[in-house]
Amino acid sequence: IHLTMPNVTSTLKEIQQREHGANVKRVILFNTGLHDIDVLCCSKRQHARDKTNITSKGESCSDAYREAMVQLVHVLDDFPAELKVFRSTTAGWQKYGNYGFSWRANDMQPMSRSPHLAHHFNTIAYDILQNHQSSSSNTNILIADGYWITLPRPDHTQISTQNQVGKHLVHPGFEVLSVLARRWFMLILWGLCGESFEKCMACIGGSG
């Protein structure tokens, strides 16, 4: 988010200019998580922090994340959309219970790449969104879980046919992505169709 915020802002402005006056409905699904945590907190990424002056104020990685997340929420607040959803960060690089890729037994796992820190940063994001909702803003940003759905099933991850070593092979696998996609689709239907969608679901459930 620290490296791409200007791109996010300019892209949203370009979309508004391109679609000005058009009868369109927009939805936003966003997340800022694992890669931000890694850049902000991991000792191996110190060079990236020094290069971009991300934590030039001497602030902690948690404070730097909070500042950037608040900025992102304000940017999204100004963008017109019928539905805005924050997908919480997945449960990190888990070294236990994995299937389809290797994690050598003597490899250390930094705290910055553990499920515990992912949960900590999700808590920061939840606090920001709750404060945003209780403020004078008219925008309600919903939360779609990405953490608890990935924490208990570390075997449901992206796999390698060569069973190779690598942290990038612990992204959510097909089963988890399928659930996330279906949830997102239902949220779109609910956000765009509103009362009509609820009446339809009631009829399907036999209560209407």
Side-chain angles (χ1 to χ4, degrees), residues 1-20 24-42 45-46 48-93 112-150 168 171-172 177 180-181 183-185 187-188 190-192:
I1 188 175
H2 297 80
L3 301 178
T4 60
M5 181 67 77
N7 295 338
V8 172
T9 303
S10 62
T11 299
L12 292 178
K13 289 182 179 178
E14 289 175 6
I15 293 174
Q16 283 186 269
Q17 292 173 356
R18 184 174 65 247
E19 298 179 347
H20 179 70
V24 296
K25 292 186 177 181
R26 307 182 184 95
V27 295
I28 296 176
L29 174 67
F30 69 101
N31 165 262
T32 171
L34 293 183
H35 292 101
D36 291 290
I37 296 171
D38 197 39
V39 171
L40 290 172
C41 303
C42 184
R45 304 296 295 271
Q46 181 65 48
R49 293 194 290 274
D50 294 340
K51 183 178 180 180
T52 57
N53 293 321
I54 291 175
T55 54
S56 59
K57 302 175 183 178
E59 58 193 352
S60 67
C61 59
S62 296
D63 289 340
Y65 177 83
R66 178 180 290 275
E67 181 180 347
M69 182 66 177
V70 168
Q71 183 181 355
L72 176 60
V73 169
H74 284 317
V75 169
L76 295 177
D77 196 31
D78 294 333
F79 186 78
E82 279 67 30
L83 179 66
K84 300 177 183 179
V85 179
F86 170 74
R87 198 216 69 201
S88 62
T89 299
T90 53
W93 294 273
S112 61
R113 296 180 178 176
S114 73
H116 308 289
L117 203 64
H119 176 64
H120 171 68
F121 276 77
N122 275 332
T123 302
I124 294 175
Y126 298 156
D127 180 61
I128 292 171
L129 294 176
Q130 184 177 14
N131 290 336
H132 175 265
Q133 185 173 346
S134 60
S135 67
S136 58
S137 172
N138 295 323
T139 303
N140 181 26
I141 299 178
L142 304 179
I143 297 176
D145 172 56
Y147 181 82
W148 296 107
I149 194 175
T150 54
H168 288 104
H171 290 155
L177 292 177
L180 292 175
R183 284 182 174 179
W184 176 229
F185 181 68
L187 282 171
I188 291 177
W190 175 79
L192 298 185

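- Taken to the nearest 0.5 Å, the CZ atom of F86 stands 11.0 Å off from the CG atom of L76.
- Listed by chain and number, the residues in a salt bridge (Lys or Arg N to Asp or Glu O under 4.0 Å) with R66 are D127 (sequence neighbours excluded).
- In Q130, the CD atom is not crowded: 12 or fewer heavy atoms of neighbouring residues, nucleotides or ligands sit closer than 6.0 Å.
- Among residues two or more places apart in sequence or in another chain, the ring pair (Phe, Tyr, Trp, His ring centres under 6.0 Å) test is passed with W148 by H119.
- Here the OG1-CG distance, from T9 to L72, works out to 8.0 Å after rounding to the nearest 0.5 Å.
- Here the shortest heavy-atom pairing between P80 and Q16 reads CD-NE2, 3.3 Å.
- Remark: H120 engages no residue in a ring pair (Phe, Tyr, Trp, His ring centres under 6.0 Å) (not counting sequence neighbours).
- Checked by atom type and distance alone, the side chain of T150 pairs as donor or acceptor with a backbone atom of A91 at under 3.5 Å.
- One distance of note links CD1 of I128 with OG1 of T123; it measures 11.0 Å at 0.5 Å rounding.
- In plain terms, the two heavy atoms of M5 and A68 that are nearest each other are CE-O, 3.7 Å.
- The side chain to side chain donor-acceptor pair (under 3.5 Å) search around S60 returns D63, not counting sequence neighbours.
- A pairwise comparison of heavy atoms in L180 and D145 identifies CD2-O, 3.5 Å as the closest pair.
- Here CG of D78 is found 9.5 Å from NZ of K13. Values are rounded to the nearest 0.5 Å.
- Here the rule is side chain to side chain contact (heavy atoms under 4.5 Å, CB included) with C61, and of L40, V39, I37, D38 only L40 fits it.
- The side chain to side chain donor-acceptor pair (under 3.5 Å) search around T32 returns D36, not counting sequence neighbours.
- Looking at heavy atoms from C-beta onward, V27 lies out of side-chain contact with V85 at the 4.5 angstrom threshold.
- Between T11 and N7, the shortest heavy-atom distance links the atoms OG1-O, 2.7 Å.
- The backbone N or O of P115 lies less than 3.5 Å from a partner atom in the side chain of Y147, making a donor-acceptor pair.
- The side chain to side chain contact (heavy atoms under 4.5 Å, CB included) test applied to A81 returns R26, I28, F79, K84, not counting sequence neighbours.
- Residue L177 holds its CG atom at 15.0 Å from CH2 of W184, rounded to the nearest 0.5 Å.
- Note that the OG1 atom of T89 and the CG atom of N31 stand 4.0 Å from one another [nearest 0.5 Å].
- Listed here is the closest heavy atom pair of K25 and E82: CA-OE1, 3.2 Å.
- Taking 4.5 Å as the limit, some side-chain heavy atom of H132 sits within range of a side-chain heavy atom of D77.
- With hydrogens and angles disregarded, no donor-acceptor distance shorter than 3.5 Å links the side chain of N122 to the backbone of S88.
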